[in-house]
Asks: 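My questions all concern the structure below.
Quick caveat, the model's predicted, so the values are computed rather than measured. Within every chain, numbering begins at 1; the chains are lettered A, B, ... in the order of the sequence lines, protein sequences first and strands thereafter. Below, all heavy atoms of this structure are taken into account, side chains as well, without hydrogens, waters or symmetry copies.
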4 protein chains.
Amino acid sequence: MTTKKQVVEEFRCRAIRDAALRVVGRKGLEKATVDDIAREAGVAKGTLYLYFRSRDEIIEKTIGAAVDDLLARLQRAADGAGEGPFDEALERVLTAEFAYFDENRDFFRLYFASGEYSEDRRLRQSRRYRLHIDQLVGLIESGRRRGELKSLDSERAAIAIAGAARDLILRRIHEKEPPPPESDARFLSEVLCSGLAARRVEG
Amino acid sequence: MTTKKQVVEEFRCRAIRDAALRVVGRKGLEKATVDDIAREAGVAKGTLYLYFRSRDEIIEKTIGAAVDDLLARLQRAADGAGEGPFDEALERVLTAEFAYFDENRDFFRLYFASGEYSEDRRLRQSRRYRLHIDQLVGLIESGRRRGELKSLDSERAAIAIAGAARDLILRRIHEKEPPPPESDARFLSEVLCSGLAARRVEG
Amino acid sequence: MTTKKQVVEEFRCRAIRDAALRVVGRKGLEKATVDDIAREAGVAKGTLYLYFRSRDEIIEKTIGAAVDDLLARLQRAADGAGEGPFDEALERVLTAEFAYFDENRDFFRLYFASGEYSEDRRLRQSRRYRLHIDQLVGLIESGRRRGELKSLDSERAAIAIAGAARDLILRRIHEKEPPPPESDARFLSEVLCSGLAARRVEG
Amino acid sequence: MTTKKQVVEEFRCRAIRDAALRVVGRKGLEKATVDDIAREAGVAKGTLYLYFRSRDEIIEKTIGAAVDDLLARLQRAADGAGEGPFDEALERVLTAEFAYFDENRDFFRLYFASGEYSEDRRLRQSRRYRLHIDQLVGLIESGRRRGELKSLDSERAAIAIAGAARDLILRRIHEKEPPPPESDARFLSEVLCSGLAARRVEG
DNA sequence: TATGAATGAGAATTCATTCAT
DNA sequence: GATGAATGAATTCTCATTCAT
């Protein structure tokens, strides 16, 4: 059973993480101070330490929860696309990803900031990146099983897709008026599926 | 004429930047202290301030010089590939990029770290990113002029290529025994040129 | 209403200023470090920064508060002397000034130290000096209105009085056994009122 | 005999002191760095240490030489006035003092800065202040011997005169268009000789 | 539980002094 | 003698963490 205590605890934790997300989005990962987060959350500094062991844990869990959230969305997009052809499924997943970043610039900044090197953090975060990659691998594998795709190293392909998407997101963020998410998603999906090369009739 | 003083100055600056590069690679962008850098460079803390105005300037210039170095290498790879077919030129550029990161794990870490969000820093660094993108745009445009490539938004394509390469580099770094640079380069070049989809005879 | 928080804040600020006063008295204006002041105040260094923005602000406010304190005392002395003859009023003001410095050697040192040249500091402090001068001008003007004094440039006179008093204070500080404040006050008051010249019957 | 070496040495020392005087006048006693002084003097930093043992010695000797210079001028003014009546002699000395400061704003700043508290410095400088006071004492005593002045504590009087003059100088410095030196000198001389009080026929 | 004042280790920066050239 | 690059101790300021209320 979930006690009232646990409910309150979870509520507070989320409020703090949300505040941290906003502050990190605004000031960057290392520049976000515990003071900033407490003020943004509307609680006293000491309170943070009732729910988290350290500043690092706040940052860690904030990034973790945000990435989990993104992955869940992408998963839903991929799942819903379960049976359709690969290129449409991919397009849908990418659209979900682009749209998510458009809605969450703060999150985006944090997401990229989280790439900042730190041996410890990277190791702890890499599990999430793996999940993201595994989603894409699953999508590719299922396309291959249906004969839609070439036989290829699906993990390498997944990584390439994730990276290409990431940089397109970066561009979207910097642009005053980014194209609709669907546009970038279709573009990338097409390049990836049919390539850049002009079609030649296969001998 | 280049005076002796200027030579010494440039030499010292480079030594300090090299030290900073190693320290940042080891400890991360924000964790690298002025003490660390001085110790690594084998000079006194005050000496750093003879050549740089502040810690921030050291970091800035270190990243800048390293990225310039990479871009110059990539440019050489692309230039040398001037006349060849697009897929080979792309492969050569990507090989150069992958090889560079293999040789410079420290730099790699710094390069990704430099993605850390900071409005100021990002803006100042973005010029270099643009140069990288422009290189790829040039490559694509020349492929298109020769009729090798479809008509497409070459900037979007360049960004996607850069991102895909970046994440493959990431994987290389994490792997104990990454495949040779040529392998990843050929893989990505092929995916990008001819797409993931199984070949179907058109119409 | 004055909240408890404000009371505590004011109390702490005063304690820090008092500590700063002692340290500056002991070590001089520029030699007084933040560490010194914190130690003297019996608080941690960081605490100072909860109440003051910078070392400079501590010094500034410390001098300012001390001078305000002196001016208030002198004003009380001058006010109390409101109706009496000029020479007695002046004597009372000077006695108050001398006595104040006797009680506050530290302050005295700081007061003179505050003369240290610094365009900014001087300008900010000059308001207080003006108040001091204005007090004396008021005293002189009221003496003139009562026909006790010659018609003269009362501001120049006030400045001369302030300066003369200052240097007598300096001497008091250096002497092992200075004469009672009343003695110097009477001396200066007499010189200023009736002059150094032997009396001649005016033809 | 004065060797060439000594001539060069004295020349260099003076050049450095002059530079120090200007820098201190511009930046204040504690803010004037060895770098500043060397740059102003047009020599290398190390050179300063060939002629002075430390920064402190430079400051010390600079102040000392400047004050000696002033005292010599005042002495000349007082000497020249040897036989005249006291009030005229005093007026001449004060005129010389005011004029000197008008010509040397940098010096003035330094002179006041030198009042900055520092037990050591004060003691070393006090000899010069004594000389200044002794000059005035001499002037007063000679006036008394001629029956021009009341019988009074001539040292106290000398100190009061010095202080009054100092603050009038301060005012001159701050004013855009100070009155001619003679004006302030006459004013102060008159106040001091015949007092502020309206003349009453002595019963 | 919640608070927020206090802490103090740690970071960046300055500058008097030295010393190899 | 003269130089000025190099030094590193000393200084100011920041901020994660604690703890008495």
Asks: Do the side chain of A:Arg26 and the main chain of A:Ala32 share a donor and acceptor less than 3.5 angstrom apart?
Replies: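 Checked: no pair found.
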Asks: Rounded to the nearest angstrom, tell me the gap between atom CD in D:Glu30 and atom P in F:dT11.
Replies: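 Going from D:Glu30 (CD) to F:dT11 (P), I get 12 Å.
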Asks: Applying side chain to side chain contact (heavy atoms under 4.5 Å, CB included) between B:Leu21 and each of B:Ile16, B:Thr62, B:Ile63, report the one that passes.
Replies: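 Among the candidates, only B:Thr62 passes.
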Asks: What does C:Val34 touch in the nucleic acid at a heavy-atom separation under 4.0 angstrom: a base, only the sugar-phosphate, or nothing?
Replies: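 Sugar-phosphate, backbone atoms only, no base.
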Asks: Only pairs with both distances under 3.5 Å count, Watson-Crick or wobble alike; so what is the partner of E:dT21 in this structure?
Replies: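 Answer to the pairing question: F:dA2, which forms a Watson-Crick or G-U pair with E:dT21.
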Asks: For D:Arg53, answer base if it contacts any base atom (sugar-phosphate contacts may also be present), sugar-phosphate if it contacts only those atoms, and nothing otherwise; contact means non-hydrogen atoms under 4.0 Å.
Replies: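 No contact.
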Asks: Is B:Arg22 reaching over with its side chain to a backbone N or O of B:Ala41, donor-acceptor style, under 3.5 angstrom?
Replies: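 Judged by distance alone, no pair lies under 3.5 Å.
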Asks: Can you check the C:Glu9 CD to E:dA6 C1' distance for me, whole Å?
Replies: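 One finds 14 Å between C1' of E:dA6 and CD of C:Glu9, rounded.
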Asks: If I take atom CD in residue B:Glu57 and atom P in nucleotide E:dA12, what distance separates them, rounded to the nearest angstrom?
Replies: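 Result: 15 Å.
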Asks: I need the CD1-P distance between C:Ile59 and F:dC13, as an integer number of Å.
Replies: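 Atom CD1 in C:Ile59 sits about 11 Å away from atom P in F:dC13.
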Asks: What's the CG-P distance between C:Leu29 and F:dT11, to the nearest Å?
Replies: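 About 15 Å, once rounded to whole Å.
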Asks: Please round to the nearest 0.5 Å and tell me the distance separating atom CG of D:Asp36 and atom CZ of D:Arg39.
Replies: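 Rounded to the nearest 0.5 Å, the CG-CZ separation comes to 5.5 Å.
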Asks: Quick one: on DNA chain F, does C:Asp35 or B:Arg12 contact a more 5' nucleotide (nearest heavy atom)?
Replies: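 In this pair, the answer is B:Arg12.
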Asks: Separation of D:Arg55 atom CZ from F:dA10 atom P, in whole Å?
Replies: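 In whole Å, F:dA10 P lies 16 Å from D:Arg55 CZ.
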Asks: As an exercise, state the distance from CG of B:Leu48 to CZ of B:Arg12, rounded to the nearest 0.5 Å.
Replies: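 Reported to 0.5 Å precision, the distance equals 10.5 Å.
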Asks: Would you mind pulling out the nucleotide paired to F:dA10, Watson-Crick or G-U wobble, both distances under 3.5 Å?
Replies: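 Pairing partner, where one exists within any strand: E:dT13.
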Asks: Between E:dT1 atom C1' and A:Lys5 atom NZ, what is the distance in whole Å?
Replies: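 Rounded to the whole Å, the gap is 10 Å.
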Asks: Drop me the distance from B:Lys5's NZ to B:Glu10's CD, to the nearest 0.5 angstrom.
Replies: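 B:Lys5 NZ to B:Glu10 CD: 14.0 Å, rounded to 0.5 Å.
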Asks: Give the rounded distance in Å between these two atoms: CD1 of D:Ile37 and P of E:dT17.
Replies: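 After rounding, the gap between these two atoms is 11 Å.
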Asks: Under a 4.0 Å heavy-atom cut-off, which of residues 39-51 of chain D touch DNA chain F?
Replies: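 Heavy-atom cutoff 4.0 Å gives D:Val43, D:Ala44, D:Lys45, D:Gly46, D:Thr47, D:Leu50, D:Tyr51.
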Asks: For the pair A:Glu57 and A:Lys61, find out whether any cationic side-chain nitrogen is under 4.0 Å from an anionic carboxylate oxygen.
Replies: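 Salt bridge: yes.
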